[in-house]
Undergrad: 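Would you mind keeping the following structure in view while I ask a few things?
Everything numeric in this text was worked out from a predicted model, so none of it was measured.
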Amino acid sequence: MEINKDKLFYLENLYLKSQNSTTIVFLKGEKGLGKSYVIDTFIKNKNNVINICPDNTIISFLSSFKSAIEIFSGKTNVINYNEVGMQYNESVANLLLDEFSDNINILVIKHINSCSCEFIDFLYDICTSLYKNIEKNAFIVIEYDTNHENNVNQNNINTLFSIDPLTEFINFKRFSLNQIKERFFDIFNNRIEICENTLNYICQSASGNLSILNIIINYLRQEDIIYRDDSSGWKCDSVSMSGITNILANYIETRYKRLDEYLKRTLQQSSMLGKKINVDDLKDTFSLLQAEEWLSNIEKITHLIYKSDEKSIKPPFVFETDEVFNYVKNQIPAESRKIWFINLSKHYKSLYEQTEKKLIYDSETVCQLIELSYHAANCYTQTGDNNKALFYYFKSIFHCMSISNFSQCRIIIDKIRKNIPDILTNRRVNLQVCRIEAILYEYTGLYEKAREKYYYCINNYTDLILYNKT
């Protein structure tokens, strides 16, 4: 798998087109999408490159920023801009500007989010000077992490966007599931034995991010779940959900904590709607008039949710993974949970009643009624109103049977037994549930089970059956 081949090709074209001018290019996207790889590949065979890369681990081995520029000799130099006591003054700026001659020079700034506000202001002055001086040619490549932990310098970074209205942006998006699978097999040189379910779980957990994929693989190797076999290849045993959930927990938590309290609350309320977030439902249920704007902000800040690529007027937002969805749900305060479920049950009840008033029931309308009644029932179980929960579960079963969706009927019956078992102590209710089960067995050809269930009803509820007939 050639990572981001199209991005590298585009960057090379921009470089060729900018031979007589100064150009700024931002490689923009969250960590782990291959931005650094594209930059390293781009400068690999280039001359006249200044590559500024933060690395706190080697501070003590580097001279000052000024000295580093002085030893620049047309080859790639790594300059650490986090060094303690570094001064960014006019003499340093002039020294750097002198390096940009008629032959275009490439200035690479990796991980701009990690640098100090002082350095970004210094870089702003350098870039502005290069734009004003037509005799200087520079190709400036800046790596920008959209999900970096440090947002202190964001205002300073924004000033860099103001230098040129035609600043170039190469946006990096998450890889598709198939691309992640391809990368997985590349890592093991296509020599790994793994079942399809385990492969899907590992690659889906990576959330389209190569760094997360690497973290998961290294964890599985440490645990001897992925190991070498006797034929110089690899094997992967089955993977437990808890293991991967635990190693991703810190990654999820770090991103979640970037949100202010209001956006956290919005995300928590969104999780009440399920893994897919319908913007109108969120707006109506919790009176969030700017729901779409806030969800977009959450996506930009954390990438815990993303807008679905569904072809609809208002595509829903979707939680990144099941782990993210469960994490956010677990953050909901106990005192808020019941209140929010009351709001949500009223919302689904209202939508159900509006839909039920339609004069013509086509298949789409019936499916809507099934979904709305099912959601309403689940919400009522959380508010403790078991009678209304049962009412809407029965509504959902009725609509399912009208379109012969017997498998969904079976799921709803299981939900009744699991979510509101106490209500089944009522003999009339239990009789209704048992009769529905018998009918389902009959309609699906399981006649022996149907007969057993009918006999059970007759033997245990004869009095109620006879009473109903009279």
Undergrad: Any donor-acceptor pair under 3.5 Å linking the side chain of Gln179 with the backbone of Ser176?
TA: yes

Undergrad: Name the residue from Leu213, Leu210, Ile192 that meets the side chain to side chain contact (heavy atoms under 4.5 Å, CB included) definition with Ile187.
TA: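 It is Leu213; the other options fail the test.
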
Undergrad: Step by step, would you call Phe169 with Val25 a side chain to side chain contact (heavy atoms under 4.5 Å, CB included)?
TA: CA-CA 6 Å; Phe169 291 92; Val25 184; over 6 Å; no

Undergrad: If you draw a 6.0 Å radius around NZ in Lys276, do more than 12 non-hydrogen atoms from other residues or ligands fall strictly inside?
TA: no

Undergrad: What's the spacing between Gln290 CD and Thr266 OG1 if we round to 0.5 Å?
TA: 10.0 Å

Undergrad: Would you name the heavy atoms of Ile332 and Met272 that are closest together and state the gap between them?
TA: CD1-SD, 3.6 Å

Undergrad: Residues in salt bridge (charged side-chain N to carboxylate O under 4.0 Å, His left out) with Arg265, at least two apart?
TA: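 If we apply the salt bridge (charged side-chain N to carboxylate O under 4.0 Å, His left out) test to Arg265, skipping adjacent residues, there are no hits.
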
Undergrad: If I compare all heavy atoms of Lys7 with all of Asn171, which pair ends up nearest, and what's the gap?
TA: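 Result for this residue pair: CE-O, 3.0 Å.
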
Undergrad: Please identify each residue that fulfils salt bridge (charged side-chain N to carboxylate O under 4.0 Å, His left out) with Glu320, with sequence neighbours left out.
TA: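 With neighbours one apart ignored, the set is Arg174, Arg255.
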
Undergrad: Check the pair Ile109 / Val141 against side chain to side chain contact (heavy atoms under 4.5 Å, CB included), numbers first and verdict last.
TA: CA-CA 6 Å; Ile109 314 293; Val141 180; over 6 Å; no

Undergrad: Do Lys28 and Glu168 meet the salt-bridge criterion of a basic N to acidic O distance under 4.0 Å?
TA: no

Undergrad: Could you tell me if the side chain of Ser270 sits less than 4.5 Å from the side chain of Leu295, heavy atoms only?
TA: yes

Undergrad: Is there side-chain contact between Tyr392 and Tyr380, with at least one heavy-atom pair below 4.5 Å?
TA: yes

Undergrad: For the CD atom of Gln408 and the SG atom of Cys367, what is their distance to the nearest 0.5 Å?
TA: 10.0 Å

Undergrad: Do Lys35 and Asp145 meet the salt-bridge criterion of a basic N to acidic O distance under 4.0 Å?
TA: yes

Undergrad: Report the distance from atom CD of Glu364 to atom CG of Leu369, rounding to the nearest 0.5 Å.
TA: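 Result: 11.0 Å between the selected atoms.
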
Undergrad: Taking the basic N atoms (NZ, or NE/NH1/NH2) and the acidic carboxylate oxygens, is any pair closer than 4.0 Å for Lys418 and Asp414?
TA: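 A salt bridge is absent here (no side-chain N lies under 4.0 Å from a carboxylate O).
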
Undergrad: Compare all side-chain heavy atoms of Asn200 with those of Lys181 and state whether any distance is below 4.5 angstrom.
TA: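 They are in contact (side-chain heavy atoms under 4.5 Å apart), so the answer is yes.
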
Undergrad: Would Phe317 and Tyr306 count as a close aromatic pair, with their ring centres under 6.0 Å?
TA: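 No.
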
Undergrad: Closer than 3.5 angstrom, by distance alone: can the side chain of Thr381 be matched with the main-chain N or O of Asn378 as a donor-acceptor pair?
TA: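 Present.
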
Undergrad: With a 4.5 Å heavy-atom cut-off, do Val279 and Pro316 have their side chains touching?
TA: no

Undergrad: Measure the acute angle between the ring planes of Phe139 and Tyr15, then classify it against the limits of 30° and 60° as parallel, tilted or perpendicular.
TA: perpendicular

Undergrad: For residues Asp281 and Leu351, determine if any side-chain heavy atom of one lies less than 4.5 Å from a side-chain heavy atom of the other.
TA: yes

Undergrad: Would Phe185 and Arg191 satisfy side chain to side chain contact (heavy atoms under 4.5 Å, CB included), going step by step from the backbone distance to the final call?
TA: CA-CA 7 Å; Phe185 283 109; Arg191 292 174 60 85; over 6 Å; no

Undergrad: Give, for atom CD1 of Ile298 and atom CG of Asp260, the distance between the pair rounded to the nearest 0.5 Å.
TA: 9.0 Å

Undergrad: With distance as the sole test, does Asn4 use its side chain to make a donor-acceptor pair with the main-chain N or O of Leu33 at under 3.5 Å?
TA: yes

Undergrad: Just by distance, no angles: are the side chains of Asn419 and Tyr393 close enough, under 3.5 Å, to form a donor-acceptor pair?
TA: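 A donor-acceptor contact under 3.5 Å links the two side chains.
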
Undergrad: Between Glu292 and Lys307, does any side-chain N to carboxylate O distance fall below 4.0 Å?
TA: yes

Undergrad: Tell me the closest heavy-atom pair linking Ile370 and Ser373, and the distance in Å.
TA: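 Minimum heavy-atom contact is O-OG, 3.1 Å.
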
Undergrad: Kindly determine whether Ser205 and Ile212 satisfy side chain to side chain contact (heavy atoms under 4.5 Å, CB included), including the steps that lead there.
TA: CA-CA 8 Å; Ser205 297; Ile212 300 177; over 6 Å; no

Undergrad: Of all heavy-atom pairs between Tyr443 and Met401, which one has the smallest distance, and what is that distance?
TA: CE2-CE, 4.1 Å

Undergrad: With a 4.5 Å limit on heavy-atom distance, are the side chains of Leu220 and Ile202 in contact?
TA: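 Yes, close enough: below the 4.5 Å cut-off.
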
Undergrad: Taking the side chain from Ser271 and the backbone from Gln268, do they hold a donor-acceptor pair closer than 3.5 Å?
TA: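 Confirmed, Ser271 side chain pairs with Gln268 backbone.
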
Undergrad: Any side-chain to backbone donor/acceptor pair from Arg221 onto Ile226? Under 3.5 Å, distance only.
TA: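 No; zero donor-acceptor contacts below 3.5 Å.
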
Undergrad: Please round to the nearest 0.5 Å and tell me the distance separating atom CG of Leu27 and atom CD of Glu143.
TA: 7.0 Å

Undergrad: Let me confirm one number: the SG-OH distance from Cys195 to Tyr201, rounded to the nearest 0.5 Å.
TA: 13.0 Å

Undergrad: What pair of heavy atoms forms the shortest contact from Thr198 to Ser238, and how long is it?
TA: OG1-CA, 3.9 Å

Undergrad: Yes or no on ring-ring contact (aromatic ring centres under 6.0 Å, His included) for Tyr256 and Tyr327, after CA distance, side-chain angles and deciding distance?
TA: CA-CA 9 Å; Tyr256 178 77; Tyr327 175 86; 5.4 Å; yes

Undergrad: Counting only heavy atoms not in Gln331, do more than 12 fall under 6.0 Å of its CD?
TA: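 Atom CD in Gln331 is crowded, with more than 12 foreign heavy atoms closer than 6.0 Å.
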
Undergrad: Measuring centre to centre across the rings, with the benzene-like ring taken for any Trp, is Tyr37 within less than 6.0 Å of Phe42?
TA: no

Undergrad: For the side chain of Ser207 and the backbone of Asn209, is there at least one donor-acceptor N/O pair under 3.5 Å apart?
TA: no

Undergrad: Establish, from distance only, whether the side-chain atoms of Asp362 and Thr365 form a donor-acceptor pair under 3.5 Å.
TA: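 There is such a pair (donor and acceptor under 3.5 Å, judged by atom type) between the side chains of Asp362 and Thr365.
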
Undergrad: Using a strict threshold of under 4.0 Å (side-chain N to carboxylate O), is an ion pair present between Lys449 and Glu452?
TA: no

Undergrad: Looking at Phe341, is its backbone amide N or carbonyl O close enough to the side chain of Ser345 to form a donor-acceptor pair, meaning the two atoms are under 3.5 Å apart?
TA: yes

Undergrad: Kindly give the heavy-atom pair with the smallest separation between Val38 and Leu8, and that separation in Å.
TA: O-CD1, 3.7 Å

Undergrad: Do Trp234 and Asn189 have side chains that approach each other closer than 4.5 Å (heavy atoms only, starting at C-beta)?
TA: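 Not touching, per the 4.5 Å side-chain cut-off.
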
Undergrad: Are the side chain of Asn278 and the backbone of Asp280 linked by a donor-acceptor contact shorter than 3.5 Å?
TA: yes

Undergrad: Measuring only between side-chain heavy atoms, which start at C-beta, is Ile277 closer than 4.5 Å to Phe319?
TA: yes

Undergrad: Charged N to carboxylate O under 4.0 angstrom, Lys110 versus Asp40?
TA: yes

